[in-house]
Amino acid sequence: MENYYLYINGEWTGKDLETFEVTNPATSEKIAAVPNGGYAEARKAADAACEAFKSWSDCSAYERAELISKWHKLIDENKEDLARTMTLEQGKPLKEALGEISYANGFVSWYAEEAKRVYGETIPAAVRYKRLFVQKQPVGVIAAITPWNFPAAMITRKVAPALAAGCTVVLKPAEQTPLTAIKLAKLAEKAGLPRGVLNIVTGRAQEIGDAWLEDSRIRKLTFTGSTEVGKLLMKGSAETVKKVSLELGGHAPVIVMEDADLDKAVDGVIASKFRNAGQTCVCSNRIYVHEKIAAEFTARLVDKVKQLQVGNGLEEDTDIGPLIDEAAISKVARHIEDAVEKGAKIETGGEVLEGLYYSPTVITGVNDDMICMNEETFGPLTPVATFKTEEEAIARANDSIYGLAAYVFTENITRGIRITEALEYGIIGLNDGMPSTPQVPFGGFKQSGLGREGGHYGIEEFLEVKYISLGL
Ligand SMILES: NC(=O)C1=CN([C@@H]2O[C@H](COP(=O)(O)OP(=O)(O)OC[C@H]3O[C@@H](n4cnc5c(N)ncnc54)[C@H](O)[C@@H]3O)[C@@H](O)[C@H]2O)C=CC1
Ligand SMILES: O=C(O)[C@H](O)CS(=O)(=O)O
């Protein structure tokens, strides 16, 4: 079995620490032991990142870009090993894991180039004897805390722009999926990243988080995970007025209009719903279908869902892997039980298979009083509700504390633009179930988060704006 350690100040450390085990959700077998770091290790990592910040931020943008590009090349050369590691620790099918590595590496290549485009500006002065300048500078030391559902992409979507901006990083990956993060750090070290620029601490989340929250040297917190934890971290950041970027929970609605291309709508719902077994923050959670086409849409959806293969992610024909843990299984079962009690009908699925496998499920006769229509399921459940008018669909879609992703299917472009403009969501797929890509702003309205990741927006989160007034 490979050895996994903390990565602090360019050293692989923590050999003397107690460890926690990483489990394969497909088989429940233990696949690795990882140091169970805490407050002390978090502080050491912050010390290292502070020490490294001066020299790293003094590098030219082109020097940083060159190193980040070398990291990109090494990730690509090691994509099979990274993907297999991801499938073993997270469960997603290998083909999805390979897709995630490519997606994750897309952020690395994008920000290697974006480093060279951190522009300032000059502003006309009101008087002849002044010149006014705006300069962008790196925020400083940043703390990143990431979730288990995308063990590579949620890391590079933060680390790549931070490094490109000239920041240094302390990172805590999710306890369920630390191995991919550690391997990405090994490749960054191999690319020549100087000691202390990137530091990884695995272990006791609360202690590690608290150490970084109270540390005034850490100027920014970037977090992806549940809204509940995001609020905790946002509160904890207030004491030292840290900048925060929060990518939190979602509860995506889908609106299928009566003039939708039904095959496009069915394929879009399946793509957005069953990726990662429904464990993504942009998964469709509520399907609103116009009553006139509900029967035909549902029949085609159920037919396709029945063809989805559930199994171990390492097997080639697997479409849906296991859920991450027992709590995830219980949540899906609870949502379905509640819906059936309130009148929903199970069209397919609705059962726990062996272990952490849950059958892909479609339920109909759904109403907005059901838990699944108000709480993020984070599993392979597709609740289908009907509506009569466009106005009703928009109102029900917007009736949520979340505002991350939403989807609309219609072949009428004027109607499509009208609906997307009325929806209170940060990401909208119009006839598209898979909008995520590295070059665009990813983030939510309302309690789905703060800030944006990806594209040129994503590097701004790691930059300060400095105004310089020059008297001649
Ligand atoms: N908007 C987005 O891009 C994403 C949102 N999510 C949301 O996150 C949830 C599922 O992911 P989970 O990893 O279970 O979320 P989670 O919020 O429980 O954990 C996320 C990370 O926060 C850490 N953490 C938990 N409590 C902490 C504390 N008190 N102090 C410091 N760190 C702490 C965990 O160790 C993990 O690394 C879902 O609600 C999902 O919607 C997940 C991925 C992406
Ligand atoms: O964590 C997630 O769910 C991801 O942000 C979704 S995506 O970026 O892979 O679409």
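These values consider heavy atoms only, across backbone and side chains, with no hydrogens, waters or symmetry-generated copies. This one's a predicted model, so the numbers in the text were calculated from it and none came from an experiment.
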Could you check whether any side-chain heavy atom of Ile101 comes within less than 4.5 Å of a side-chain heavy atom of Ile75, counting everything from C-beta outward? yes
Electrostatic pair Lys172:Glu207 at N-O distance under 4.0 angstrom: no
Nearest heavy-atom pair of Trp212 and Ala42: which atoms, and what distance? NE1-O, 3.0 Å
Pair Arg452, Glu460 - check salt bridge (charged side-chain N to carboxylate O under 4.0 Å, His left out), show working. CA-CA 9 Å; Arg452 292 297 182 269; Glu460 295 297 332; over 6 Å; no
Cationic N near anionic O, under 4.0 Å, Glu80 to Arg84: no
Do the non-hydrogen side-chain atoms of Val256 and His290 ever get within less than 4.5 Å of each other? no
Could you give me the CA-CA distance, side-chain angles and deciding distance for Thr377 and His335, then say whether side-chain hydrogen bond (donor to acceptor under 3.5 Å, both in side chains) is met? CA-CA 7 Å; Thr377 303; His335 281 196; 2.9 Å; yes
Other residues, nucleotides and ligands only: do more than 12 of their heavy atoms fall within 6.0 Å of CD on Glu391? yes
Measure the shortest side-chain to side-chain distance between Asp319 and Lys95 over non-hydrogen atoms and say whether it is less than 4.5 angstrom. yes
Give the minimum heavy-atom separation between Val332 and Gly379, together with the two atoms involved. CG2-CA, 3.7 Å
Tell me whether Lys190 is salt-bridged to Glu77, with the criterion being a basic N under 4.0 Å from an acidic carboxylate O. no
Can you check whether Phe107's main-chain N or O pairs, donor with acceptor, with Arg157's side chain at less than 3.5 Å? no
From CA spacing to verdict: side-chain hydrogen bond (donor to acceptor under 3.5 Å, both in side chains), Ser245, Glu453: CA-CA 8 Å; Ser245 292; Glu453 295 185 319; 5.9 Å; no
Minimum heavy-atom separation for Lys242 and Ile218, please, with both atom names. NZ-O, 3.1 Å
When rounded to the nearest 0.5 angstrom, what is the spacing between CD in Glu100 and CZ in Arg275? 8.5 Å
The single option from Thr420, Asp259, Asn431, Asp261 that satisfies side-chain hydrogen bond (donor to acceptor under 3.5 Å, both in side chains) with Thr410 is Asp259
Flag this pair as yes if the NZ/CZ of Lys186 is under 6.0 angstrom from the six-membered ring centre of Tyr5 and inside a 45 degree cone about the axis; otherwise no. no
To the nearest 0.5 Å, what is the distance between CG (Asp76) and CG (Leu82)? 10.0 Å
Going through the distances and angles, do Lys342 and Asp369 end up as a salt bridge (charged side-chain N to carboxylate O under 4.0 Å, His left out)? CA-CA 8 Å; Lys342 292 172 183 171; Asp369 296 331; over 6 Å; no
Which atom pair, heavy atoms only, marks the closest approach of Thr280 to Asn276? CG2-CB, 3.7 Å
Taking side chain as C-beta onward, heavy atoms only, is Val169 less than 4.5 Å from Leu163? yes
Would you name the heavy atoms of Pro173 and Ile155 that are closest together and state the gap between them? CB-CD1, 4.5 Å
Apply salt bridge (charged side-chain N to carboxylate O under 4.0 Å, His left out) to Lys243 and Glu461, showing your working. CA-CA 8 Å; Lys243 287 175 177 289; Glu461 301 283 347; over 6 Å; no
Got a salt bridge between Asp267 and Lys304, using NZ or NE/NH1/NH2 to carboxylate O under 4.0 Å? yes
Please report the C-alpha distance between Glu347 and Thr364 in whole Å, then the side-chain angles of each, then the deciding distance to 0.1 Å, and finally whether the side-chain hydrogen bond (donor to acceptor under 3.5 Å, both in side chains) criterion is met. CA-CA 7 Å; Glu347 300 290 346; Thr364 53; 2.6 Å; yes
Just how far is it from atom CG of Leu6 to atom CD1 of Ile182, taken to the nearest 0.5 Å? 7.5 Å
Go through it in stages, so that I can follow the logic: the residues are Lys158 and Thr224, the test is side-chain hydrogen bond (donor to acceptor under 3.5 Å, both in side chains), and I'd like the CA-CA distance, side-chain angles, deciding distance and then a yes or no. CA-CA 9 Å; Lys158 298 171 179 3; Thr224 294; 2.4 Å; yes
Answer whether the closest heavy-atom distance between the side chains of Tyr4 and Thr19 falls below 4.5 Å. no
Could you check whether any side-chain N or O of Ser448 sits under 3.5 Å from a backbone N or O of Gly403, counting only pairs where one atom can act as donor and the other as acceptor? yes
salt_bridge(Glu258, Lys292) N-O dist < 4.0 Å: no
Within a strict 4.5 Å, meaning less than it, do heavy atoms of the Phe150 and Lys92 side chains meet? yes
Gap between atom CD1 of Ile401 and atom CZ of Phe445 - 0.5 Å precision: 16.0 Å
Kindly check if the number of other-residue, nucleotide or ligand heavy atoms within 6.0 Å of CD (Glu18) is above 12? no
Point-to-point distance, once rounded to the nearest 0.5 Å, from CD1 of Ile336 to CE of Met370: 12.0 Å
Does Lys264 make a cation-pi contact with Phe409, if we ask for NZ or CZ under 6.0 Å from the ring centre and within 45° of the axis? no
Once you measure the plane-to-plane angle for Trp148 and Phe378, does it fall in the parallel (<30°), tilted (30-60°) or perpendicular (>60°) bin? perpendicular
Check against side chain to side chain contact (heavy atoms under 4.5 Å, CB included), Lys446 and Glu424: CA-CA 8 Å; Lys446 301 182 188 176; Glu424 298 159 0; 2.9 Å; yes
Pairing of Asp368 and Arg396 as salt bridge, 4.0 angstrom limit: yes
Compare every heavy atom of Gly350 with every heavy atom of Thr361, then report the nearest pair and how far apart it is. OG1-N, 2.8 Å
Is there a side-chain contact between Val269 and Tyr407 (heavy atoms, below 4.5 Å)? no
Note, Pro360 side chain near Lys273 side chain (heavy atom, < 4.5 Å): no
What's the separation between atom CD in Glu228 and atom CG in Leu233, rounded to the nearest 0.5 Å? 10.5 Å
More than 12 heavy atoms of other residues, nucleotides or ligands under 6.0 Å from NZ of Lys15: yes or no? yes
